[in-house]
Amino acid sequence: MATTPNAATPVDFTGNSRSLLRRLTGADEIAHLITLIAAATLLLITVLLVYQLWVLSGEARSRFGWAFFVTKTWDPVAGDFGALPFIYGTLVTSAVALLIAVPLGVGAAIFLAELAPPKLSSSLTFVSDLLAAVPSVIYGLLGVFLLVPLMRTTFQPALKKVLGFLPLFQGPAYGIGFLTAGIVLAIMVVPFVLSVSREVLLAVPRDQREAALALGATKWESTWRVVVPAARIGIFGSVFLALARALGETMAVTMVIGNNPKIAASLFSPGYSIAAVLANEFSEATGNLYLSALIELGLVLFLLTFVLNGLARLLIVITTARGSGVLPT
Amino acid sequence: MNVRLLWRKSLNVFMLSLTGLCALLTVSALFFILGYLVWNGGKDLSWSFFTHLPAPVGETGGGMANAIVGSMKLLLLAALFGVPIGLLGGVYLAEFGGRTVPFLVRYTADLMNGVPSIVMGIFAYALVVMPMHHFSTLAGGLALGIMVIPTVLRNTESFLRDVPRQLREGSFALGANKWRMIATVVLPAASRGILTGVLLALARVAGETAPLLFTAFGNRYWSPGWMQPTSSLPVVIYTYATGPYEDWHRQAWAAGLVLLGLVLLTNITVRAFLSRGISYERT
């Protein structure tokens, strides 16, 4: 990969160094070079980021190997580090978040793309964009002081009464835990599902809707059987995007998940997530092995979101490119 | 037959209203959050909140002047570091770019945009805190600055691309060379859009907590210079909200209200006023 400015320059300045120097005398070439360096800096930063994470996690990687990912103990005092409780917590909270956020976000996107008059649709999208801009710590604040007590006194006992036969909803209601963290995450990622889904729905050509309506379909049937399937891949893209957000979300989760590295079947149980353990323990980590294990967790988080985001972009590009050409309504 | 039609029609109405309900629920979340913060934090906002240092632990009163100034210093650093790189990189993508490098940069920018902010914190920790052996404003500013780059870069590129070709051709026809055309014609024409992108990116990192936890850290006093740990609004909200004191909780609400107010105000101003007319310029 041509990442450093020096390595990248030959792409545009072919030839020996003398001609390079000669060409650099023109103001255009200098401007070209300066902007190229700026653009290459981003690539350089990315490579450096991966390199740092890789090197600094070296001690933990060589010590624990792949067992790091399946070990359940996290004992900084004894120097025993396993990532399983954090990976479990991250996956469970993200799954809860998606279960709530995807139906809600896609439903809202259908309303905004198919039903709402353009003016209403654009102002509601505006509000949803603002919602996406609310800082994560604010969600955490509301989570700690509003949602946690509410879960403890109202929702969790009610869930236990109705669905208590499932192992998912057993155990004491602390208020904090996987379920609460998942709900906070859901509220945070809905705007992402909404805005991307709305865009891919709008990219479905209008003839498709009209053809379905002309065949006698109701508005809902045309939407659900024609428009949504046509935008399916892009909607999956929005789900991946939301998943990547949910996996890496730190503050709000840290404040409500309970910060206890244990694996429990019950959603009421307190747990821990990768991002949360980084937020809590990184600045206090003593000893190289401890720090190195934390950085390896950071590397895992980085790779997970990097791959998911790449996949999401690909899916979104595929759908919007296929649908373009005909202007949406 | 009639029953089936009735069923289809009622399903239609039911499902469509359900989607409306989804939209209503989503959108009302914002008003709820804002209202709840005003309700809880409004009464604790006072003049001393903005002008005083935090009171010693256990005492009531005091303010967050150091956190507000700290946040401003961090944002200034982030802007100084991230905006030039993003801006110039965007110019490269839109105006110079070949084929491979722009593709790589664009894709990397999109992916970096989605990297969890706490990972950026680790990066800044490794780059600045580890060699210096202590937390600093500089490290926090660097973490935020890196997060600003992808947004500014992609925004700048897309607004530069929207500048009509006639403007470029006119400028060439008057004998300008390329950099002069970019600096005096294209950039000014796209300036409003670029400014929008910069302000939105800064508003986003202004609320970031995770990358500051182990870079800028925190400080109960004024932070002199740039090499010392500093307090910042988001980190104070986190510390106070998870702390044990009633008075801390009240201050966390007040600080939350200030932070949310600033972020929303910037977003609304930028999106509603600054970006107005940009679609008109897009031809």
Side-chain angles (χ1 to χ4, degrees), chain A residues 2 8 11-12 27-28 31-32 34-36 38-39 41-43 45-46 49 52 56 104 107-108 110-112 115 124 126-128 130-131 133-138 140-142 144 146 187 190 194 218-220 244 248 250-251 255 275 278-279 282-283 295 298 301-302 305-306 309-310 313, chain B residues 8-9 11-12 15-16 18-20 22-23 25-27 29-30 33 36 85 88-89 91-93 96 98 100-101 104-105 108-112 114-116 118-119 122-123 126 146 149 153 177-179 203-204 207 209-210 213-214 217 234 237-238 241-242 252 256 259-260 263-264 267 271:
Chain A
V11 175
D12 304 276
D28 278 359
H32 189 159
I34 291 175
T35 57
L36 174 63
T41 306
L42 182 70
L43 295 179
I45 287 173
T46 313
L49 171 60
Q52 291 274 17
L56 291 174
L104 199 63
I110 289 176
F111 179 78
L112 293 185
L115 282 177
L124 291 186
F126 181 75
V127 174
S128 156
L130 288 182
L131 202 56
V134 173
S136 145
V137 73
I138 302 284
L141 195 62
L142 282 147
V144 168
L146 178 67
I187 303 169
V190 163
L194 194 158
T218 60
K219 179 87 184 167
W220 170 250
T250 313
M251 298 324 295
M255 291 163 88
L278 287 173
F282 200 92
S283 59
I295 292 177
L301 197 58
F302 173 81
T305 49
F306 212 74
N309 271 306
R313 307 261 162 216
Chain B
R8 284 174 58 202
K9 279 192 167 166
L11 185 73
N12 182 43
M15 291 312 282
L16 292 181
L18 207 61
T19 63
C22 287
L25 266 177
T26 309
V27 168
L30 180 77
I33 292 171
Y36 203 78
I85 295 178
L88 290 173
V91 170
Y92 175 77
L93 291 190
F96 293 105
T100 341
V101 182
L104 262 180
V105 172
T108 314
D110 284 347
L111 294 186
M112 285 295 266
V115 168
I118 192 142
V119 176
I122 299 181
F123 184 49
I146 294 173
I149 297 176
L153 189 138
N177 49 11
K178 194 163 180 175
W179 74 268
R204 191 184 136 205
T209 318
L213 288 174
F214 34 85
F217 200 59
I237 296 172
Y238 170 61
T242 48
L259 180 66
L260 185 68
V263 168
L264 286 187
N267 267 277
R271 285 174 203 264

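Both backbone and side-chain heavy atoms feed into the values below; hydrogens, waters and symmetry mates do not. Numbered from 1 within each chain, the chains take letters A, B, ... in sequence-line order.
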Handout entry: Geometric class of the H32(A)/F96(B) ring pair [parallel <30°, tilted 30-60°, perpendicular >60°]
Key = parallel
Heavy-atom pair count under 4.5 Å with chain A, highest-scoring of [options]:
| options | result |
| --- | --- |
| L260(B), V91(B), L93(B) | L260(B) |
| L111(B), L213(B), V115(B), V119(B) | L111(B) |
| M15(B), K178(B), R204(B), K9(B) | M15(B) |
| I237(B), N177(B), L153(B), L16(B) | L16(B) |

Nearest-0.5 Å distance, [atom1] of residue [X] to [atom2] of residue [Y]:
| X | Y | atom1 | atom2 | answer |
| --- | --- | --- | --- | --- |
| I122(B) | L278(A) | CD1 | CG | 4.5 Å |
| F302(A) | I118(B) | CZ | CD1 | 15.0 Å |
| Y92(B) | L42(A) | OH | CG | 13.0 Å |
| F111(A) | T19(B) | CZ | OG1 | 6.0 Å |
| L124(A) | L30(B) | CG | CG | 11.5 Å |
| T26(B) | I187(A) | OG1 | CD1 | 10.0 Å |

Heavy-atom pairs under 4.5 Å with chain B: which of [options] has the most?
| options | value |
| --- | --- |
| I138(A), V144(A), V190(A) | I138(A) |
| L301(A), V137(A), L112(A) | V137(A) |
| A275(A), A244(A), A279(A) | A279(A) |
| L49(A), I45(A), L115(A) | L49(A) |
| G140(A), A133(A), S128(A) | A133(A) |
| G298(A), P135(A), A31(A) | P135(A) |

Side chain from CB out, backbone as N, CA, C, O: work out which of these in [X] comes under 4.5 Å of a heavy atom of chain A, or both, or neither.
| X | result |
| --- | --- |
| V263(B) | side chain |
| T242(B) | side chain |
| I33(B) | both |
| A203(B) | neither |
| Y36(B) | side chain |
| I146(B) | side chain |
| L259(B) | side chain |

Taking every non-hydrogen atom, the tightest pair across [X] and [Y]:
| X | Y | result |
| --- | --- | --- |
| I85(B) | A38(A) | CG2-O, 3.5 Å |
| T305(A) | P116(B) | OG1-CD, 3.2 Å |
| C22(B) | A108(A) | CB-N, 3.5 Å |
| M255(A) | A241(B) | CE-CB, 3.7 Å |

Exercise for the section: Kindly say whether L130(A) contributes a backbone atom to a donor-acceptor pair with the side chain of N267(B) at under 3.5 angstrom? Expected result: no
Practice task
Please tell me if the side chains of T209(B) and T250(A) come closer than 4.5 Å, counting only heavy atoms from C-beta onward.
Solution key: no
Practice task
Please examine the side chains of L43(A) and V105(B), heavy atoms only from C-beta on, and report whether any two atoms are closer than 4.5 Å.
Solution key: yes
Exercise for the section: Pick one of side chain, backbone, both or neither for L141(A), based on which atoms fall under 4.5 Å of a heavy atom in chain B. Expected result: both
Problem - S283(A) versus chain B, the contacting section by heavy-atom distance below 4.5 Å - result: both
